[in-house]
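Structure first, commentary second.
Position 1 is the first residue of the sequence; numbering continues from there.
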Amino acid sequence: MNMKTLLKAGVLGLALSLPAVSAVQAETLRIMTGGATAPLAVPMNRAVVVESDQPFAELSIANPGIADISTLSDRSIYVLGKAPGRTTLTILGPDGALLANVDVQVTPDVAEFKERLGQILPGENIEVRTANDGIVLSGTVSSIQKLDRALDLARRYAPDRVSNLMVVGGTQQVMLKVRFAEVSRSVSKGLGGRLGGTLSGTDGSITFSAGGSGLTSPSSVLSGSAVIGDLTLNVLLEALESKGLVRTLAEPNLTTLSGQEATFLAGGEYPVPVAQDADTISVEFKPFGVELNFTPRVVDGDIINLSVEAAVSSIDPTVSVPVGDGIAIQGFRRRDTSTTVELRDGESFAIAGLLQDDFRNTASQLPWLGDVPVLGALFRSADYQRNQSELVIIITAHLVSPTRGEALALPTDRVRPPSEADLFLRGEVAGGPGRARGAVAEVARQDFNGSYGYVME
């Protein structure tokens with residue numbers, strides 16, 4: 001074996017023994033006289049063989065960090081992709097003349113990436129392409145979670161060079177059915193007594209009074225009087241007991257796209273004066289009532305990641321802050337909560353335990369006289385008040401899709417202005433359902449008796 005053959009065999013063995021080179025058979029690009037037949041695309045960590053139709057004497061690569069070259073013969077060149085990028089391979093003949101400038105583009109190894117993508121996300125319709133020195137993903141995936149997995153895997157092969165053209169298929173609209181239920185209970189009891197009298201004499205009279213109920217009307221009063229000679233005694237016992245119950249209910253239904261925020265407010269806005277420069281006052285409006293903000297995210301199939309902010313607020317007339325010029329700002333009572341949960345289509349969760357319990361017990365009496373057994377009750381007054389409020393929020397999430405308009409009915413579909421005959425002869429304040437059909441006619445045939453409200457499924 002001569003020296004030339006031994007050198008060729010050594011170079012070939014060295015090239016084939018490189019650990020970074022894949023075992024996949026190398027591609028071949030043939031160079032004709034005057035230039036290459038096409039740009040040379042080299043996958044990273046893979047090899048391409050370049051063949052020339054005439055012998056060459058010298059090779060050079062513009063950026064050795066992108067591609068590495070070695071000669072297999074005087075007509076064959078071994079090109080190994082090292083890092084994504086573009087560079088130029090220059091080939092010179094024996095006389096120093098330029099044979100060709102080959103445009104070498106090293107791209108990420110999408111073959112291995114496609115294989116790994118099929119193993120991790122089987123059944124997903126994802127197309128993989130290379131663009132410049134990056135990866136382009138397109139196609140349709142079934143969920144945002146799988147989209148994120150595909151992007152995370154692509155970034156391992158082409159960090160900071162991944163273009164996402166994928167779209168998420170399936171149902172990506174979420175409807176939230178929320179029920180706000182609040183019950184406020186109040187109990188107030190009071191008992192007070194008062195003793196008074198008049199002592200008359202030849203030189204005049206003396207009137208005295210002790211104790212006091214301090215109760216507000218309306219109340220139950222028991223009174224009596226007695227005359228003993230010139231002394232007239234008046235006894236008054238006053239009792240008060242009141243109970244109150246307030247029920248608040250709101251059932252909003254909101255629909256929004258995955259990843260988009262939806263808001264709801266059932267209440268109003270209270271004007272709040274705000275001091276400005278130059279002794280002027282502007283007005284800002286503060287919302288109150290039942291508030292709901294939520295952001296859904298469909299992460300995988302029918303699994304919904306849900307961030308919810310809910311609040312119930314009202315104006316508190318017992319608290320006010322004077323700001324001058326006869327202006328007073330009312331206080332607000334507010335209870336809010338925020339949480340993030342994960343649930344499936346049709347599942348519900350409850351936010352409970354928002355319980356408020358206010359207790360006040362006041363007793364007052366005249367010194368010493370209020371401690372006298374039995375009769376001491378005439379010189380004492382007691383006031384007992386207790387307020388309880390409990391708020392429960394139940395939330396149900398649904399994946400929904402649009403429907404045809406003919407299948408939807410409005411609350412106004414059941415009400416039609418009456419004709420003169422309906423109003424004057426029959427005494428009807430609403431006409432019949434008319435010619436409505438389907439769901440609209442079904443709603444229109446319902447009367448005004450029974451349960452109230454309106455629900456759109």
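Closest heavy-atom contact between V400 and M175: CG1-CB, 3.8 Å. Pairing each heavy atom of P43 with each of V106, the nearest pair is C-CG1, 4.4 Å. Of all heavy-atom pairs spanning A311 and D336, the tightest one is CB-CB, 3.4 Å. In this structure, D103 and T87 approach most closely via the heavy-atom pair OD1-O, 3.5 Å. When all heavy atoms of E261 and T256 are compared, the closest pair comes out as O-OG1, 4.1 Å. Of all heavy-atom pairs spanning V42 and G81, the tightest one is CG1-N, 3.4 Å.
Residues R116 and L153 are in side-chain contact: their nearest non-hydrogen atoms beyond the backbone lie under 4.5 Å apart. Here the side chains of T396 and L176 are not in contact, with every heavy-atom distance at 4.5 Å or above. Proximity of V49 to V79: side-chain heavy atoms (C-beta onward) are nowhere separated by under 4.5 Å. Between N125 and V141, every side-chain heavy-atom pair lies at or beyond the 4.5 Å cut-off. With contacts defined as side-chain heavy-atom distances shorter than 4.5 Å, the pair V48/L40 qualifies. Side-chain atoms of V298 and L399, non-hydrogen and from C-beta on, do get closer than 4.5 Å to each other. With contacts defined as side-chain heavy-atom distances shorter than 4.5 Å, the pair I66/V104 does not qualify. Looking at F180 and V312, their side chains come closer than 4.5 Å, going by heavy atoms from C-beta outward.
One finds the OH atom of Y157 at 9.0 Å from the CE atom of M44 (value rounded to the nearest 0.5 Å). Atoms CG and CD1, on D152 and I120 in that order, are 8.5 Å from each other to the nearest 0.5 Å. Taken from CZ in R297 to OG1 in T340, the straight-line distance is 12.5 Å, to the nearest 0.5 Å. Taking CG of N293 as the start and CG of L254 as the end, the distance is 9.5 Å to the nearest 0.5 Å. The line from CG of L117 to CG of L137 is 7.0 Å long, rounded to the nearest 0.5 Å. Annotation: the span from E347 atom CD to I304 atom CD1 amounts to 9.0 Å, rounded to 0.5 Å.
Between the side chain of N305 and the backbone N or O of E342, no donor-acceptor pair lies under 3.5 Å.
In the model, T130 has no side-chain atom that pairs as donor or acceptor with a side-chain atom of T107 under 3.5 Å. In this structure, a donor-acceptor pair under 3.5 Å is absent between the side chains of T255 and Q173.
Other residues, nucleotides and ligands contribute more than 12 heavy atoms inside 6.0 Å of the CD atom of Q276. Open room surrounds CZ on R156; 12 or fewer heavy atoms of other groups in view lie less than 6.0 Å from it.
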Item to complete: Could you check V290 against L265 for side-chain contact (heavy atoms from CB on, under 4.5 Å), going step by step and ending with a plain yes or no?
Response: CA-CA 6 Å; V290 178; L265 172 63; over 6 Å; no
Discussion item. Between V102 and T88, is the side-chain contact (heavy atoms from CB on, under 4.5 Å) condition met? List the steps.
Written reply: CA-CA 6 Å; V102 182; T88 302; over 6 Å; no
Fill in: Stepwise side-chain contact (heavy atoms from CB on, under 4.5 Å) check, F294 with I395
CA-CA 11 Å; F294 81 97; I395 301 174; over 6 Å; no
Worksheet item: Should S320 and Q330 be marked as a side-chain hydrogen bond (donor to acceptor under 3.5 Å, both in side chains) after you check the CA-CA gap, both sets of side-chain angles, and the distance that decides it?
Response: CA-CA 4 Å; S320 63; Q330 300 291 338; 5.1 Å; no
Practice prompt. Test salt bridge (Lys or Arg N to Asp or Glu O under 4.0 Å) on E127 and R129 and set out the steps.
Written response: CA-CA 7 Å; E127 299 179 0; R129 298 181 178 88; 2.9 Å; yes
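Look at E284 and K286 and you find no salt bridge, because none of the NZ, NE, NH1 or NH2 atoms lies under 4.0 Å from a carboxylate O. Between E124 and K146, at least one side-chain nitrogen of the basic residue sits less than 4.0 Å from a carboxylate oxygen of the acidic one, meeting the salt-bridge criterion.
Residues satisfying the side-chain contact (heavy atoms from CB on, under 4.5 Å) test with K82, not counting sequence neighbours, are D68. Every residue meeting the side-chain contact (heavy atoms from CB on, under 4.5 Å) condition with S313, not counting sequence neighbours, appears here in chain and number order: F288, E291, R334.
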Hey, can you pull the donor-acceptor pairs under 3.5 Å for the side chains in residues 159-169, sequence neighbours left out?
from, atom 1, to, atom 2, distance (Å)
R161, NE, D133, O, 2.8
R161, NH1, P159, O, 3.3
N164, OD1, M166, N, 3.0

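For Y270 and F332, the ring centers are positioned less than 6.0 Å apart.
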